[in-house]
Novice: 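Following this message is one structure expressed as structure tokens.
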Amino acid sequence: MPELPEVETVVRGLRAVLPGRTITGLRLGKTDFIADPPRLEAALPGATIQEVRRFGKFIGLRLAASHRANGNRSANWLLVHLGMTGQFIVCRPDSPLRPHTHVWLALDDARELRYTDIRRFGKMRLVDAVELPSFLARLGSEPLEVPFEDFCTALARRAMIKALFLDQHVFRGLGNIYTDESLWRARIHPRRLGARLNPSERRALYAALRRVLSDAIRLRGSSISDFVDSAGSPGDYQRRHRAYGREGEPCFRCRAKIRRIVVAGRSSYFCPRCQLAPKGRSRRTPRRHSG
DNA sequence: AGCTCTTCCTGAAAGC
DNA sequence: TGCTTTCAGGAAGAGC
């Protein structure tokens with residue numbers, strides 16, 4: 001599942017080859033994951049890719065409009081979210097066509113940029129420079145850029161820390177894997193409330209998050225089932241997972257069996273010995289033992 | 001405000 | 001063996 005490190009890996013790969021390239025043609029397959037297909041068909045052919053950026057889990061390609069069409073329009077951004085199974089790959093036109101490929105962009109260097117997405121949970125849309133700020137305003141801060149003080153402010157809510165981390169309006173780019181890995185590292189149970197974390201726990205979580213994300217970027221992301229980078233190669237961080245997907249296996253710190261529970265509608269893996277559950281019930285009246 | 005449930009989609013895995 | 005059912009999961013929306 002592409003999260004921040006996976007998307008960053010794809011973006012770095014695309015950044016190495018796309019800036020300066022002009023899109024010479026566009027072909028669409030299924031379009032139910034594209035916000036406005038005709039807009040893409042009108043704007044992409046002839047446009048030159050100027051910049052590749054990452055906004056949380058979104059890939060952004062900044063496009064200079066073609067000289068002929070829309071000469072007075074501001075720059076467009078093609079925003080791509082990989083969803084669960086999205087892949088954005090640069091390849092030669094004659095490379096084998098993978099099933100579920102729904103967008104082909106022909107480039108002026110005789111290569112193709114292809115978007116493949118088995119489940120089509122991904123998203124693709126075009127926004128112009130005027131629309132971009134309102135799009136970005138809906139996203140929280142970048143986890144690797146947010147200062148500690150702002151990190152603490154974002155946590156000061158009566159929501160479970162797992163839900164807070166998954167909410168893209170709080171932090172942009174975190175998903176199930178890196179949330180669980182960071183919580184394991186910081187020894188914090190996924191059901192703890194953000195507002196109830198003490199200063200040393202907040203400090204530990206901030207450090208854990210930064211460490212996990214930067215290590216994962218260094219290892220080019222986690223490949224569990226479908227993730228590959230812009231060249232089609234898998235990442236290596238799945239070998240460093242300490243909690244995610246390890247139900248029943250021993251904790252790397254204390255050998256207790258890793259457990260799986262559902263929090264915020266997601267599988268959550270944690271060590272029941274290292275990551276202690278919140279005391280009592282966080283809502284409703286606490287039950288008393290009969291006495 | 002924040003939690004749970006539902007929806008979208010497909011392939012893998014479990015069930016029979 | 002082979003067909004059928006269940007499930008996972010990012011994000012948004014509904015309902016409580």
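What you see is a predicted model, and the numbers here were worked out from it, not measured in a lab. Computed over heavy atoms, backbone and side chain alike; hydrogens, waters and symmetry mates excluded. First the proteins, then the strands, lettered A, B, ... as listed; each starts at 1.
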Novice: What nucleic acid atoms does Lys57(A) come within less than 4.0 Å of, heavy atoms only: base, sugar-phosphate, or nothing?
Specialist: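 Sugar-phosphate: the residue Lys57(A), judged by heavy atoms under 4.0 Å, touches backbone atoms but no base.
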Novice: For dG10(C), does the base pair up with any side-chain atom of Arg266(A) as donor and acceptor (N or O, under 3.5 Å, distance only)?
Specialist: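 Between dG10(C) and Arg266(A), which were checked side chain against base, a qualifying N/O pair under 3.5 Å is present.
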Novice: Expressed in angstrom and rounded to an integer, what is the separation of Ile224(A) atom CD1 from dG10(C) atom P?
Specialist: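 Taking atom P of dG10(C) as the reference, CD1 of Ile224(A) is at 11 Å.
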Novice: Indicate whether OP1 or OP2 belonging to dT10(B) is found under 4.0 Å from a side-chain N or O atom of Lys30(A).
Specialist: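 Affirmative; the distance criterion is met.
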Novice: Counting the atoms with a prime plus P, OP1 and OP2 as sugar-phosphate, which does Ser267(A) contact under 4.0 Å by heavy atoms, base, sugar-phosphate, or nothing?
Specialist: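 Sugar-phosphate, no base atom in range.
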Novice: Measure the distance from CG on Leu193(A) to C1' on dG2(B) and round it to the nearest whole Å.
Specialist: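 The distance from CG of Leu193(A) to C1' of dG2(B) comes to 10 Å, rounded to the nearest Å.
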Novice: Between dG11(B), dG2(B), dG10(C), spot the one nearest the side chain of His100(A), thanks.
Specialist: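 Nearest listed nucleotide: dG11(B).
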Novice: Tell me: CG of Asp167(A) to P of dA12(C), nearest whole Å?
Specialist: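 Spelled out: CG on Asp167(A) to P on dA12(C) is 9 Å.
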Novice: Should the pair Arg203(A) and Phe148(A) be classed as cation-pi, given the thresholds of under 6.0 Å to the six-membered ring centre and 45° from the axis?
Specialist: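 Here Arg203(A) passes the 6.0 Å and 45° test against Phe148(A).
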Novice: Would you indicate which nucleotide in dC3(B), dG11(B), dG2(B) comes nearest to any side-chain atom of Ile118(A)?
Specialist: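 So the side chain of Ile118(A) is nearest to dG11(B).
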Novice: Stacking between dG10(C) and Phe121(A), yes or no? Criterion: centroid separation under 5.5 angstrom, plane angle under 30 degrees.
Specialist: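 Yes, the aromatic ring of Phe121(A) stacks with the base.
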Novice: Would you mind telling me which of dA12(C), dG9(C), dG2(B) lies closest to the side-chain atoms of Met1(A)?
Specialist: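 That would be dG9(C).
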Novice: Using a heavy-atom cut-off of 4.0 Å across all strands, would you classify Gln168(A) as base, sugar-phosphate, or nothing?
Specialist: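 The answer is sugar-phosphate, as Gln168(A) gets under 4.0 Å only of primed atoms, P, OP1 or OP2.
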Novice: By the 4.0 Å heavy-atom rule, please label Arg260(A) as base, sugar-phosphate, or nothing.
Specialist: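 If one applies the 4.0 Å heavy-atom cut-off, Arg260(A) turns out to touch the sugar-phosphate alone, with no base involved.
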Novice: Answer with base, sugar-phosphate or nothing: what part of the nucleic acid does Lys162(A) contact at a heavy-atom distance below 4.0 Å?
Specialist: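 The answer is nothing, as Lys162(A) stays clear of every strand by at least 4.0 Å.
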Novice: What do you reckon, is CZ of Arg246(A) surrounded by more than 12 foreign heavy atoms closer than 6.0 Å?
Specialist: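 Yes, CZ of Arg246(A) has more than 12 neighbouring heavy atoms, counting only those of other groups under 6.0 Å.
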Novice: So, is His81(A) close to the dG10(C) phosphate, meaning a side-chain N or O under 4.0 Å from OP1 or OP2?
Specialist: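 Answer is no, no contact under 4.0 Å.
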Novice: Given dG10(C), dG2(B), dC9(B), which nucleotide is nearest the side-chain atoms of Asp32(A)?
Specialist: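 The closest nucleotide is dC9(B).
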Novice: Short question: side chain of Gln168(A), backbone of Leu174(A) - any donor-acceptor pair under 3.5 Å?
Specialist: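 Yes: the side chain of Gln168(A) pairs with the backbone of Leu174(A).
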Novice: Roughly, in whole Å, what's the span from CG in Asp117(A) to C1' in dG10(C)?
Specialist: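 One finds 11 Å between C1' of dG10(C) and CG of Asp117(A), rounded.
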Novice: Which part of the nucleic acid, if any, lies within reach of Tyr244(A) when heavy atoms closer than 4.0 Å are counted: base, sugar-phosphate only, or nothing?
Specialist: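 Sugar-phosphate: the residue Tyr244(A), judged by heavy atoms under 4.0 Å, touches backbone atoms but no base.
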Novice: Tell me if a side-chain donor or acceptor on Glu3(A) pairs with a main-chain N or O of Gly175(A) at a distance below 3.5 Å.
Specialist: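 Checking the backbone N and O of Gly175(A) against the side chain of Glu3(A), a donor-acceptor pair under 3.5 Å is found.
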Novice: Please state how far atom CG in Leu164(A) lies from atom P in dA1(B), giving the value in whole angstrom units.
Specialist: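 To the nearest whole Å, that distance equals 14 Å.
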Novice: Between the side chain of Glu51(A) and the main-chain N/O of Pro19(A), is any donor-acceptor distance below 3.5 Å?
Specialist: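 No, the answer is negative, given that no donor and acceptor are paired below the 3.5 Å cut-off.
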Novice: Of all the nucleotides listed (dC3(B), dA11(C), dC9(B)), which has the minimum atom distance to the side chain of Arg119(A)?
Specialist: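 Among the listed nucleotides, the one closest to the side chain of Arg119(A) is dC9(B).
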